[in-house]
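Structure, as structure tokens:
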Amino acid sequence: MASKTPPKQRQNVYEIAQAQLQRAADVIRLEDRLHMILSQPKNELIINFPVRMDDGNYRLFKGYRIQHNDIMGPYKGGIRFHPEVHLDEVKALAAWMTWKCAVMEIPFGGAKGGVKFDPRSTSPAELERITRRFTHALGDNIGPNYDIPAPDMGTNAQTMVWMMDTYMNRGPSRDKNAQRAVVTGKSITSGGSQGREKATGQGVVYAIEEWATENDFSLDGATFSVQGFGNVGSHAAAILSRMGASMIAVQDHTGALVNREGIHPKRLARHVAETGGVAGYKGAEPVDKATFFGTEVDIFIPAALESQITADTAPLMRCKLVVEGANGPTDLEGEAILQDKGVQILPDVLANAGGVTVSYFEWLQNRRAESWTLEEVDARLHAMMVRAYRTVRRVAREHGIDNRTAAYVHSLQRIQEVYRERGIFP
Ligand code: NAD
């Protein structure tokens, strides 16, 4: 009997993050002591907390907050609710936030958090209790001047408003409103910013526009695929479509679809809101994972989980550009395969930085009691994305390196300069 090939062991995501750091450290000959410091987070908080479920029973949840580095400013990074959340994943995501904020020249450090459970299988009331209990347990480990969470996979503006409200109610009433900036990504009514909800997708598109200009490529008539049709994927798709590009293929946790004539992002978003996923949408053909990855497009936008573009899927891909809306979607083998094929990559720490950039704007507005218009937010985001894109491309050309390593090089040089000036206490 023919023996089945065992499924490939997935590369550990934290090891991938370490290898990426090593590559850039070699280029700039990063000081050893700094490499040592940056290779581990400053603080790793793991909290097991009980929550009463709707049936009256109690369930124990595991939550994480990993604070990677705060030399450039307060810790900043999202909170993920997902059944596969684990320590090494949150550590990698926290480190990526440090590099991302430094690439964007935003005065924040890097952090990430998460709770290991499936938010789709809990009721809204349970979701609220889990969020509030986790926030309570985080206590003084977050704060508007210290560590500022935001939405990520499985969390949204409502989650952030519950976090803000819980945090505010811990202290005296007279201080309440000064605490609004403890989280970003809030609803506009509760202190959020115009443009924050679409910010990551918008930033993805600003990065694509810069790439198109640099490569003399027209987005009008271009084709693209999106993996993950949540906050990032759906907004990126809607904005790109308005520019004349067509979404040909899409995949989420419920299935994959292809339509060479184009899939309407707004109609698909309505279907997802009603049914919970892309499966069953009538405007496209259901396909398997391999067909989704193998569909020929100009631009491929991963906007779901880590390690999706791998030695298994990268050989199937036929595109000119991969724009990493997700964090860590490409593993080391997947990246090498894409590079061999001549596919260009706009790395996560640049491409999806629109979210943290508008989070920074929200934080500023909260602290200054200001309210910026959508046009103002978009114009500032555009300027910052363009500056970061051009810097990364310049560094890539100067050193003859890929865009990801160039983004890391720019971050590390800025961080190294601050460590040199400040020294290491005592
Ligand atoms: P979301 O929860 O809104 O959407 C996640 C999407 O991924 C959903 O469509 C879901 O069906 C899909 N998905 C989940 N598991 C999948 C699987 N196994 N295969 C295919 N699809 C799957 O999350 P989001 O906020 O859009 O985040 C998506 C990615 O973007 C994450 O990597 C996140 O870290 C990153 N990101 C998000 C933001 C932000 O502002 N929300 C900012 C920067 C980066």
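What you see is a predicted model; the values in this text were computed from it and never measured. All residue numbers in this chain count up from 1 along the given sequence.
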Problem set entry | Close side-chain approach of Q227 and V250, heavy atoms under 4.5 Å | no
Exercise. Does I148 reach the side chain of F108, with side-chain heavy atoms less than 4.5 Å apart?
Worked result: yes
For this session: Would you tell me whether N231 and N156 have side-chain atoms, one donor and one acceptor, within less than 3.5 Å of each other?
Result: no
For this session: Could you tell me which residues satisfy side chain to side chain contact (heavy atoms under 4.5 Å, CB included) with T98, sequence neighbours excluded, listed by chain and number?
Result: H68, N69, I415
Exercise. Is any side-chain heavy atom of Y389 closer than 4.5 Å to a side-chain heavy atom of Y206?
Worked result: no
Problem set entry | Any donor-acceptor N/O pair, T254 side chain to A279 backbone, under 3.5 Å | yes
For this session: Assess the side chains of W372 and Q194: does a donor N or O sit below 3.5 Å from an acceptor N or O?
Result: no
Problem set entry | Distance-only donor-acceptor check, side chains N145 and R367, under 3.5 Å | yes
For this session: Give a yes or no on whether a salt bridge exists between R170 and D175, defined as a side-chain N under 4.0 angstrom from a carboxylate O.
Result: no
Seminar exercise, completed: Checking K186, E362, Q365 against S193 for side-chain hydrogen bond (donor to acceptor under 3.5 Å, both in side chains), the one that qualifies is Q365
For this session: Please confirm whether the backbone N or O of G143 pairs with a side-chain atom of Q179, one donor and one acceptor, at under 3.5 Å?
Result: no
Problem set entry | Exam field: side chain T310 to backbone S307, donor-acceptor pair closer than 3.5 Å | no
For this session: For the pair I309 and V322, evaluate side chain to side chain contact (heavy atoms under 4.5 Å, CB included) and give the outcome as yes or no after the intermediate values.
Result: CA-CA 10 Å; I309 301 177; V322 168; 3.9 Å; yes
Exercise. Is it true that the side chains of T166 and T135 contain a donor and an acceptor less than 3.5 Å apart?
Worked result: no
For this session: Using the side-chain contact (heavy atoms from CB on, under 4.5 Å) rule, pick out the option among D165, V161, V183 that qualifies with S190.
Result: V161
Exercise. V377 and R196: side chain to side chain contact (heavy atoms under 4.5 Å, CB included), yes or no, with the steps?
Worked result: CA-CA 9 Å; V377 168; R196 173 60 184 91; over 6 Å; no
Exercise. Are more than 12 heavy atoms from other residues, nucleotides or ligands located less than 6.0 Å from atom CZ of R29?
Worked result: no
Exercise. Would K42 and D70 pass as an ion pair if we require N to O under 4.0 Å?
Worked result: yes
Exercise. Between L257 and L268, is any pair of side-chain heavy atoms under 4.5 Å apart?
Worked result: yes
Exercise. What class does the angle between the rings of F293 and F300 fall in, given that below 30° is parallel, 30 to 60° is tilted and above 60° is perpendicular?
Worked result: parallel
Exercise. Any side-chain heavy atom of M168 sitting closer than 4.5 Å to one from N177?
Worked result: yes
Exercise. Does the distance from a Lys or Arg side-chain N to an Asp or Glu carboxylate O, for R404 and E324, drop under 4.0 Å?
Worked result: yes
Exercise. Would you say the side-chain atoms of N403 pair up with the backbone N or O of I345, donor to acceptor, closer than 3.5 Å?
Worked result: yes
Exercise. Under 3.5 Å, is there a donor-acceptor pair between the W96 and Q20 side chains?
Worked result: yes
For this session: Kindly assign one of parallel, tilted or perpendicular to the pair Y75 and Y146, based on the angle between their ring planes and the thresholds 30° and 60°.
Result: perpendicular
Problem set entry | ring pair (Phe, Tyr, Trp, His ring centres under 6.0 Å) involving W162 - partner list, sequence neighbours excluded | none
Exercise. So, the side chain of N352 versus the backbone of T200: is there a donor-acceptor pair under 3.5 Å, distance only?
Worked result: no
Problem set entry | Nearest atoms (heavy-atom pairs only) where N141 meets Q67 | O-NE2, 2.9 Å
Exercise. Is it true that E335 and R23 have a side-chain N and a carboxylate O under 4.0 angstrom from each other?
Worked result: yes
Exercise. Any ion pair linking E376 and R380 (charged N to carboxylate O, less than 4.0 Å)?
Worked result: yes
For this session: Go through D152 and T155 one step at a time and tell me if the side chain to side chain donor-acceptor pair (under 3.5 Å) criterion holds.
Result: CA-CA 6 Å; D152 190 74; T155 56; over 6 Å; no
Exercise. Is there a donor-acceptor pair closer than 3.5 Å between any side-chain N or O of D88 and the backbone N or O of Y14?
Worked result: no
Exercise. Does a side-chain N-to-carboxylate-O contact under 4.0 Å join K76 and D147?
Worked result: no
Exercise. Is there a donor-acceptor pair under 3.5 Å between the side chain of Q344 and the backbone N or O of K320?
Worked result: no
Problem set entry | Contact summary for P74 and P107, nearest pair of heavy atoms | CD-O, 3.5 Å
Exercise. Would you say R59 and V51 make side-chain contact, with heavy atoms under 4.5 Å?
Worked result: no
Problem set entry | Side-chain donor or acceptor of K116 paired with backbone N/O of P83 under 3.5 Å | yes
Exercise. Do R80 and E89 meet the salt-bridge criterion of a basic N to acidic O distance under 4.0 Å?
Worked result: yes
For this session: Indicate yes or no: at least one non-hydrogen side-chain atom of R65 is less than 4.5 angstrom from one of P149.
Result: yes
Exercise. Does the pair R420/E31 count as a salt bridge with the N-to-O cut at 4.0 Å?
Worked result: yes
Exercise. Just by distance, do the side chain of K341 and the backbone of C319 share a donor-acceptor pair under 3.5 Å?
Worked result: no
For this session: Say whether, by atom type as modelled, one donor and one acceptor occur between the side chain of H86 and the main chain of E84 under 3.5 angstrom.
Result: yes
For this session: Report yes if the side chains of E210 and M385 come closer than 4.5 Å at any heavy-atom pair, otherwise no.
Result: no
Exercise. How far apart are the C-alpha atoms of F134 and I79, what are their side-chain angles, what is the distance that settles it, and do they pass the side chain to side chain contact (heavy atoms under 4.5 Å, CB included) test?
Worked result: CA-CA 11 Å; F134 179 50; I79 300 276; 4.0 Å; yes
For this session: Please test W99 against D348 for side chain to side chain contact (heavy atoms under 4.5 Å, CB included), starting from the C-alpha separation and ending with a verdict.
Result: CA-CA 10 Å; W99 321 136; D348 45 12; over 6 Å; no
For this session: Begin with the C-alpha distance, continue with both residues' side-chain angles, and end with the deciding distance and a verdict on side chain to side chain donor-acceptor pair (under 3.5 Å) for H410 and E105.
Result: CA-CA 10 Å; H410 179 55; E105 306 189 13; 3.0 Å; yes
Exercise. Does the side chain to side chain donor-acceptor pair (under 3.5 Å) test come out yes or no for Q40 and K91, once each step is laid out?
Worked result: CA-CA 8 Å; Q40 289 295 331; K91 281 173 69 174; 3.2 Å; yes
